[in-house]
Amino acid sequence: MYLTDRSATPEADTTPGRRRGPGSKVAPVVLVLGTVSLITDVSAEMVTAVLPLYLVTTLGFSPLGFGALDGVYNGVSALVQLTGGHLADRVRNHKLLAGLGYGLSALCKPLLLLAGSIGALGTVLALDRTGKGLRTAPRDAMISLSTPVERQGRAFGVHRAMDTTGAMLGPLAAFFILRAAADGYDAVFGVSACVAVLGVVVLLLFVPGRRRDAPAGAGAEPRPPVRVGEALALLRLPRLRALAGCAALLGLTTVSDAFVYLLLQHRAGVGEEWFTLLPLGTAVVFLLLAVPLGALADRIGRRTVFLAGHVGLLTAYALLLWAPDTPLLVPAVLALHGSFYAATDGVLPAALAGVVPEHLRASGLAIVGTSQALARFCCSLAFGAAWTKWGDGTALAGSAIGLLCCAAVAGVVLRPSGGPR
């Protein structure tokens, strides 16, 4: 399944140390999936870059209202991840579920042009995140199953770097469209829809979609469909429980990107015309560090790199709370924000390669991803409510204290005998 050489045997896909070409360290399927993610992220980040200002300044949403929508944006995908991961393992066709997810998100982009109320926007964003939830675990499973265990960090780092290239280009495209078009927001949403369709086309044409109908070995009987109970039984694995629990614990104190950019705008006085470029700073750092930190995690331990990323995020919170308003504030916070993602976003799924069996890989990735996304959903709601009632400084201080405590707990739980090495 998802082989670099489609005539190869399935077991060749995950043999440690097996190379897929002269000097190759990353399977071609990883590069193709990275291209799909790059294109899709251009589309998604065009919308994400303008959405906070569009909702708060154009539609007049309060921080609490924005927090609710931002929570929907993260929470719905969390709930659907479990379904997407389980169905991908059950039908043994990860490409099919990933394609459905990418296609649904593409269909939702034009609907943003018609949504003007919190209910309509919430519905469209929920459908969009449903697509993301369907595709995330199957896509990551394809990456994981095409890569030897000892190179998982590098493979996910390459994918995340390509994905982040799209995240870097998306805000730039939104910036230029807003400056050039009379109806800037409508133009951004329209172009985003066209780019999303291109990503779906690349997935359908160039990502191999072989089913895993039988286990490796001549004459082996076909594996029966994966049952829900079999997927849920993964929670009996101590290392999986540790990863899922710590991902949720840390997610409860991880302020969403949109709030970070709004806080930075308030602290540094960033003009509205430059607001869409703030995600670009995070994306540039993520792009530069994703592969090196993924490779470093393979060498020195994924636990160490994962926790170091959260220390960087805590430092960014501290700067937003207490640093003086200097020209260095914006680049410093964005650099730490990008470093956090580079040290965590690909490292967490890479840590699952040696924990979850191949035929349940998407389900295992979905369990951990869902625990993290649901926690971030709760954080968005709580942070928006705290900002509305007590102000942004108090809300961020509470998140910073919580993150410090949770990182300390995760450092104990994810020690080498109980989590990523």
Side-chain angles (χ1 to χ4, degrees), residues 41 45 48-49 52 70 74 153 156-157 160-161 163-165 167-168 170-171 246-247 249-270 274-297 300 302-348 372 375-376 379-380 383 387 392-393 395-408 410-411:
D41 238 37
E45 293 303 320
T48 301
D70 191 64
N74 291 291
F156 277 103
R160 287 345 188 225
D163 181 89
T164 305
T165 301
M168 182 175 63
C246 289
L249 192 64
L250 292 165
L252 284 171
T253 56
T254 302
V255 178
S256 76
D257 296 357
F259 276 128
V260 169
Y261 301 140
L262 286 172
L263 286 164
L264 193 54
Q265 184 201 31
H266 291 171
R267 291 285 187 271
V270 178
W274 301 104
F275 182 84
T276 59
L277 294 183
L278 292 179
L280 178 62
T282 296
V284 168
V285 178
F286 193 172
L287 174 63
L288 294 175
L289 296 182
V291 177
L293 289 182
L296 181 66
I300 71 171
R302 290 153 194 161
R303 166 184 174 269
T304 302
V305 174
F306 182 73
L307 293 176
H310 285 86
V311 172
L313 182 63
L314 182 61
T315 306
Y317 290 174
L319 291 178
L320 285 170
L321 284 168
W322 299 299
D325 183 9
T326 68
L328 295 178
L329 178 60
V330 172
V333 170
L334 294 179
L336 290 166
H337 198 227
S339 300
F340 159 71
Y341 278 114
T344 60
D345 195 59
V347 172
L348 183 60
Q372 183 181 60
R376 290 182 175 178
C379 182
S380 289
F383 191 87
W387 185 341
D392 56 355
L396 185 60
S399 294
I401 294 170
L403 179 58
L404 178 62
C405 296
C406 292

Next item on the list: Could you tell me the separation between the SG atom of C379 and the CG atom of L403, rounded to the nearest 0.5 Å?
Entry: 9.5 Å
Margin query: Ignoring hydrogens, what is the shortest heavy-atom contact between L336 and A316? Give both atom names and the distance.
Written below: CD1-N, 3.6 Å
Note to self: Please determine whether side chain to side chain contact (heavy atoms under 4.5 Å, CB included) holds for the pair L263 and F383, giving the CA-CA distance in whole Å, both sets of side-chain angles, and the decisive distance to 0.1 Å.
What the structure shows: CA-CA 12 Å; L263 286 164; F383 191 87; 3.8 Å; yes
Next item on the list: Would you mind telling me which of D257, T282, T164 makes a side-chain hydrogen bond (donor to acceptor under 3.5 Å, both in side chains) with Y341?
Entry: D257
Note to self: Among F275, W387, F259, which residue satisfies the ring pair (Phe, Tyr, Trp, His ring centres under 6.0 Å) criterion with H266?
What the structure shows: W387
Margin query: Ignoring hydrogens, what is the shortest heavy-atom contact between L293 and A342? Give both atom names and the distance.
Written below: CD1-CB, 3.7 Å
Notebook entry, point to check: How close do V305 and A297 get, heavy atom to heavy atom, and via which atoms?
Noted result: CG2-CA, 3.8 Å
Check: Is there a donor-acceptor contact under 3.5 Å from the side chain of R302 to the main chain of L348?
Finding: no
Next item on the list: Enter the distance from H337:NE2 to F340:CZ here, rounded to the nearest 0.5 Å.
Entry: 7.0 Å
Next item on the list: Starting at CZ of R160, measure out to OG1 of T344 and round the result to the nearest 0.5 Å.
Entry: 10.0 Å
Notebook entry, point to check: Going through the distances and angles, do T165 and D41 end up as a side chain to side chain contact (heavy atoms under 4.5 Å, CB included)?
Noted result: CA-CA 8 Å; T165 301; D41 238 37; over 6 Å; no
Item checked: Closest non-hydrogen atom pair between P171 and P279, with its separation -> CG-CB, 3.8 Å
Notebook entry, point to check: Given C406, which of L250, T254, I401 fulfils the side chain to side chain contact (heavy atoms under 4.5 Å, CB included) condition?
Noted result: L250
Next item on the list: Check the pair L264, L334 against side chain to side chain contact (heavy atoms under 4.5 Å, CB included), reporting the backbone distance first and the verdict last.
Entry: CA-CA 9 Å; L264 193 54; L334 294 179; 3.9 Å; yes
Notebook entry, point to check: Within a strict 4.5 Å, meaning less than it, do heavy atoms of the D392 and L396 side chains meet?
Noted result: no
Note to self: Is there a side-chain contact between Y317 and L313 in this structure, where contact means two heavy atoms from C-beta onward sitting under 4.5 Å apart?
What the structure shows: yes
Next item on the list: For L320 and R267, work out which heavy atoms get closest and say how close.
Entry: O-NE, 2.7 Å
Item checked: Shortest non-hydrogen contact from A375 toward L252 -> CB-N, 3.6 Å
